[in-house]
Amino acid sequence: MMKQYLEIKERNKDSILFFRLGDFYEMFLDDARIASKELDIVLTTRDKANENPDERIPMCGVPYHSAESYIAKLISKGYKVAICEQIEDPATAKGIVARDIVRVITPGTLMETSMLDESKPNYLCAVYVGKTSAVCFSDLSTGEISVSEFGTGDLQHIENELSAYSPSEAILGGDEVGVEVLKEHLTNRLGALAECDGERFDENNREIISRQFGEEISQQLSPAAVYAAGALLSYMIDTQKTELSHLNTLRINSDGSFMELDINTLRNLELAGAIRTGEKKGSLLWVLDKTKTPMGRRLIRTWVLRPLLGLAPIKRRQSAVEELRGDTLIRGELMAALRGIGDLERLIGKIVFGNAGCRDLKALSISINSLPELVHQLSPMKGQALCEIRAMDVLSDLSDKIDGTVCDDPPFSVREGGFIKDGFNEEVDRLRGLLENSSAALTAVESRERERTGKKLKIGYNKVFGYYIEIPRSSSEDVPGDYVRKQTLANCERFITQELKELETELLTAKDRLAALEYRLFEELRLSIAAEVGRVQETAQHVAALDVFCSFAEVAVANNYCKPEIDVSGAINITDGRHPTVEVMQQGSLFVPNDTFLDSGSSRTAIITGPNMAGKSTYMRQTALIVLMAQMGSFVPAKSAQIGLVDRVFTRIGASDDLSAGKSTFMVEMTEMADILKSATRSSLLILDEIGRGTSTYDGMSVARAVLEHCADKRKLGAKTLFATHYHELTALEHEIEGVKNYNISAKKRGDDVIFLRKIIPGGADDSYGIEVAGLAGVPDSVIRRAKSVLKALEGGEMAARTSPAPQKDTGQLTLLDMGGNEIAAKLNATDLNTLTPLEALSLLFELKKIL
Ligand code: ADP
């Protein structure tokens, strides 16, 4: 057996092997060591007889029936699990039972409801990096699969695509350097399991694609797309080893439908997760998501993360939301009906995949039974999107079939029967009758035999002979000819008859026969439902869209949103805009609304000044969020809004330190800034918060000014930009660069206190109230007093010589280089800070000081 084990393990080195032995999955050797630690189960040894404990084979196991929770734990820790089963009947096998891998479970190929989050798609992706690159994403649990292509050297775009989909597992192939960069992004920033698997990216995969999606689709794909989609399919086939017929439609993503958002913008704007916690609570999705079905919950996440770029599709969504917003009664009825609909996509996925039970079929039919109510409620609706949903296939033939075959409330397992409806199948009814009447049948035989023989006989049962007729010794002589004597005891004799034996066989095997027959009928039903996978998926998509429309409408009413006017004017004009999340989080205290006006002409760039805590970030984010919400098709938190479509939103906000990657705050800031300046266009919206604050004042201000000039200048970038800064000096640009306008968020001083008015007004701020804010934050009085006197001195010009040198001029200050810094620099360069112990660091400091 160990030989068989090792041979199978050899083929599945990268997985923990669950080796089926009777009622257990056993793990051996290194797998056992890992699993016992990760799963907190006892590590034992198999060959206890071996005298040398070092030679004993480490082993641990988990019961077959509760394996799923153990597998889930391993998967969540980033392992793959290969399931090895007996593939022949042990009763008929000669020698050791044949075993083989039936499935490899990996983070990106989960089907088990218990391991999946119903509110998120679970993507596996394959990335091919080449002259032309391609990325293929698939969610095995729902059957979604799509492929996108990218031009030369577009690693940045691929990273953004990966961030938007956030796959849990990726396989990569192609250009080595590119693969490494993406692997780093996937592993460190997205927390995915990413592996290079170059050999899988093969030209011959076109054949697999043709087989899965048809010749026509395969011919439409470029070589890069074939590499990616083919690698993904081949991985799925190798790991799942079963029918993947629910992956039936390959969507080819064309450029220009969806807005690309980079990972910083996704995070800074807290679209699907709050920055600090990563949790949904506190995010835009949290505010917008009032969906009632799992499909709806997944779709709204996709819509939030991928706003639209085209006028027509946005208006289509808007009109659906508008109609539903207008009718509270219908919306209420629709949402109530949606509540009764389960996860159509994942249910049909399981049904096709073969790991569905009767309860899943029943859940499908219960969900289907709610569909006519949706259609009925939608009857007065006129918008195109809602009319298309109304025309959906309500799948009643499928629920009829399921309800006609399976009883209500079926048992969990399909192996033991008890779920086929009475009256559906004659043989099932007969066998059930037989089982139920077994004692009645025996009593009938008993009384008939008593009558026939005139003896005091009775029917009994034991394990050795089964059923028998027992007659007292006193009258056991002249029994009928068909009685076969089996046992003679002190005071009685036991006989069997042909009839009794037949009845017995029937009774004892009826249970098994019934279970097998019911299972066969279940399989027939399952396959016939599975054959309709395409229809169910299509309906599921309609239901999901309706769910999201209702959710948008519900939130629009509850939070008092308005319908934004969408156009291609390039202008953004918001009256009384609010921050969608902050206003909800701040329940109780009132959120102060603010206007925004930006266009492609004289108001391209807004410089926003104001003290810390005034609300600058909130204001800028709210503008970006309102634009994005409008492009999602949602209504927006404002009194009125006119939104000229933007091609992208870029944000550079706050200090997202990446110290683990060895980058300083300022380095991170500048890298992000560089990416923005490279990718933004005239039609983009830029949110830049305190550019340059990570370095010395004059450096910082110079960088900030140069960036601002670049963004504002029509001949350079000329994008709509909101620019918050502490450098009040920059407000002078209003008069120097066309298109720049100053704004500030006002605050008032009252005594030593500062009151935030939260209102944005034209003009630069006159004071930053830094000391007052420091006081509010609890900085000790003595420090505040000292700060005030320093400020006074500065304002009075006493310290002017040290504080106001022009940026380009020689400051006359000694630099490190002037002080023997070369040697210090060389020493520092030669030191690897990552491996330095605290003690070594201290002695290095001593050395450096000595040089100085
Ligand atoms: P800044 O960027 O100017 O330092 P923030 O935007 O971080 O300030 O805002 C500070 C706090 O003020 C926020 O946490 C928010 O709760 C509150 N705030 C901001 N804008 C408003 C507003 N318009 N109405 C009410 N509270 C606001």
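Atoms within each ligand, like the ligands themselves, are counted from 1 in listed order. Side chains included, hydrogens not; waters and symmetry mates left out as well; all remaining heavy atoms used. Just so you know, these numbers come straight off a predicted model, no measurement behind them.
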Can you pull out the closest protein heavy atom to [atom]? Residue, atom name and distance to 0.1 Å, please.
atom                    : answer
atom 4 (O) of ligand 1  : Met613 N, 2.7 Å
atom 16 (O) of ligand 1 : Gln586 NE2, 2.7 Å
atom 23 (N) of ligand 1 : Val592 O, 2.8 Å
atom 8 (O) of ligand 1  : Gly615 N, 3.0 Å
atom 21 (C) of ligand 1 : Arg758 CD, 3.3 Å

Would a distance-only check, ignoring hydrogens and angles, find a side-chain to backbone donor-acceptor pair under 3.5 Å from Ser283 to Glu279?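 Checking the backbone N and O of Glu279 against the side chain of Ser283, no donor-acceptor pair under 3.5 Å is found.
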Taking only heavy atoms of [X] into account, list the atoms of ligand 1 that are under 4.0 Å away from them.
X      : value
Leu590 : 25 (C)
Pro611 : 3 (O)
Thr618 : 5 (P), 6 (O), 9 (O), 13 (C), 19 (C), 20 (N)

Within 45° cone and under 6.0 Å: Arg317 NZ/CZ vs Trp303 ring: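 Positive - Arg317 is close enough to the ring of Trp303 and near enough to its axis.
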Arg578 NZ/CZ over Phe591 ring centroid, <6.0 Å and within 45° of normal: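 Judged by the rule (NZ or CZ under 6.0 Å from the ring centre, within 45° of its axis), Arg578 is not positioned above Phe591.
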Between [X] and [Y], a side-chain donor and acceptor under 3.5 Å:
X      : Y      : value
Ser640 : Glu565 : no
Thr651 : Asn268 : yes
Thr291 : Ser551 : no

Spacing of CG belonging to Asn594 relative to OG1 belonging to Thr575, to within rounding of 0.5 Å: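 With rounding to 0.5 Å, CG (Asn594) is 11.5 Å from OG1 (Thr575).
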Heteroatom distance test ([X], ligand 1): nitrogen or oxygen, under 3.5 angstrom:
X      : answer
Phe591 : no
Asp689 : no
Tyr619 : no

